Amino acid sequence: GSSTNDRVYAFAIDQASDVVMVGSVEATGFPILEPSSGNTGNSSFGGGSDAFITKLDDATVPNILWSTYYGGTSSEMAHDVVTNNTGSSIYYYVTGDVLSVSPNTGLPPLFNPGGSAYYQSTQGGGFYDAFVFVADVNGNIPWSTLYGGNGDDRGSNITVDFDNNI
């Protein structure tokens, strides 16, 4: 971990028995191993606190397969993660929240895949907005969005149905 407060808030075990964990870190030094290509989180600490997602293999002494920050210069925390249990592709669904005292500045990376996917690129109001993102088995993030209205909105729990709808 880093030199200060690192927190794991949730973990999930996928179909391959690998473990994915999410949480927050408040300083540099957290073990980061970026995926090799595609949309990813951040390879460097942004400030305040940053959310993270880390994938470990199922070895007796686990190895980090990939690990990335998900944050901007605001404060972000990832509170929950689930994995899909159907289909041949494994995905991880993450929710948390971003605190920004200057609206729409220092936000985490947002990725709009187009089509009919929900996408909110600006904060709705208040100090907190929820975020939701999806990571694939290799740590790429094909979709991420803010989710919030005029007040404070926090992402605490997430689930997916058998059709992989959030």
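Keep in mind it's a predicted model, so treat the numbers as computed, not measured. FYI, the numbering just counts along the sequence from 1.
A donor-acceptor pair under 3.5 Å links the side-chain atoms of Ser49 to the main chain of Glu76, judged by distance alone. Between the Gln120 side chain and the Gly148 main chain, a donor and an acceptor come within less than 3.5 Å of each other. In this structure, the side chain of Asp152 engages the main chain of Phe127 through a donor-acceptor pair within 3.5 Å. Side-chain atoms of Asp129 come within 3.5 Å of backbone atoms of Gly124 as a donor-acceptor pair (strictly under, hydrogens ignored). Side chain of Trp143 to backbone of Val132: no donor-acceptor contact under 3.5 angstrom is found.
Side-chain heavy-atom separations under 4.5 angstrom define the hydrophobic clusters, and the remaining members of the one that includes Tyr9 are Met77.
One finds the CD1 atom of Ile141 at 7.0 Å from the CD1 atom of Ile53 (value rounded to the nearest 0.5 Å). A distance of 13.0 Å separates NZ in Lys55 from CD1 in Ile64, rounded to the nearest 0.5 Å. Put simply, CG on Asp14 and CG on Asn84 are 9.0 Å apart, with the number rounded to the nearest 0.5 Å. Rounding to the nearest 0.5 angstrom, the gap separating the CG atom in Asp18 from the CD1 atom in Ile13 is 10.0 Å. Separation of atoms CG (Leu146) and OG (Ser121) is listed at 7.5 Å; rounding is to 0.5 Å. Taking CG from Leu110 and CZ from Phe131, the interatomic distance works out to 10.0 Å, rounded to the nearest 0.5 Å.
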Item to complete: Step by step, work out the side-chain contact (heavy atoms from CB on, under 4.5 Å) result for Tyr91 and Asn164.
Response: CA-CA 9 Å; Tyr91 291 96; Asn164 295 324; 5.8 Å; no

Item to complete: Output, in order, the C-alpha distance, side-chain angles, deciding distance and verdict of side-chain contact (heavy atoms from CB on, under 4.5 Å) for Val20 and Thr83.
Response: CA-CA 9 Å; Val20 172; Thr83 183; over 6 Å; no

Discussion item. Walk me through whether Tyr128 and Gln123 qualify under side-chain contact (heavy atoms from CB on, under 4.5 Å).
Written reply: CA-CA 8 Å; Tyr128 289 95; Gln123 289 182 283; over 6 Å; no

Discussion item. One pair to check against side-chain contact (heavy atoms from CB on, under 4.5 Å): Leu56 and Asn63. What are the steps and the verdict?
Written reply: CA-CA 5 Å; Leu56 307 171; Asn63 299 294; over 6 Å; no

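Residues Val22 and Tyr92 have side chains not in contact (no heavy-atom distance under 4.5 Å, counting atoms from C-beta outward).
Residue Asn165 qualifies as enclosed at atom CG: its count of foreign heavy atoms under 6.0 Å is above 12. Around OH of Tyr147, the count of heavy atoms belonging to other residues, nucleotides or ligands within 6.0 Å does not exceed 12. More than 12 heavy atoms of other residues, nucleotides or ligands sit less than 6.0 Å from atom OH of Tyr118.
Across all non-hydrogen atoms, the minimal contact from Asp80 to Ser156 is CB-O, 3.4 Å. Of all heavy-atom pairs between Tyr70 and Pro109, the closest is OH-O, 2.7 Å. Taking each heavy atom of Pro142 and Ala135 in turn, the nearest pair found is CD-CA, 4.4 Å.
Side-chain atoms of Glu26 and Asn5 include a donor-acceptor pair closer than 3.5 Å.
Considering only residues two or more places apart in sequence or on other chains, Val82 meets the side chain to side chain contact (heavy atoms under 4.5 Å, CB included) condition with Tyr93, Ile158, Val160. In terms of the side-chain hydrogen bond (donor to acceptor under 3.5 Å, both in side chains) criterion, residue partners of Asp97 (sequence neighbours excluded) are, by chain and number, His79, Arg154.
Two rings, from Phe133 and Phe111, have their centers 6.0 Å or more apart.
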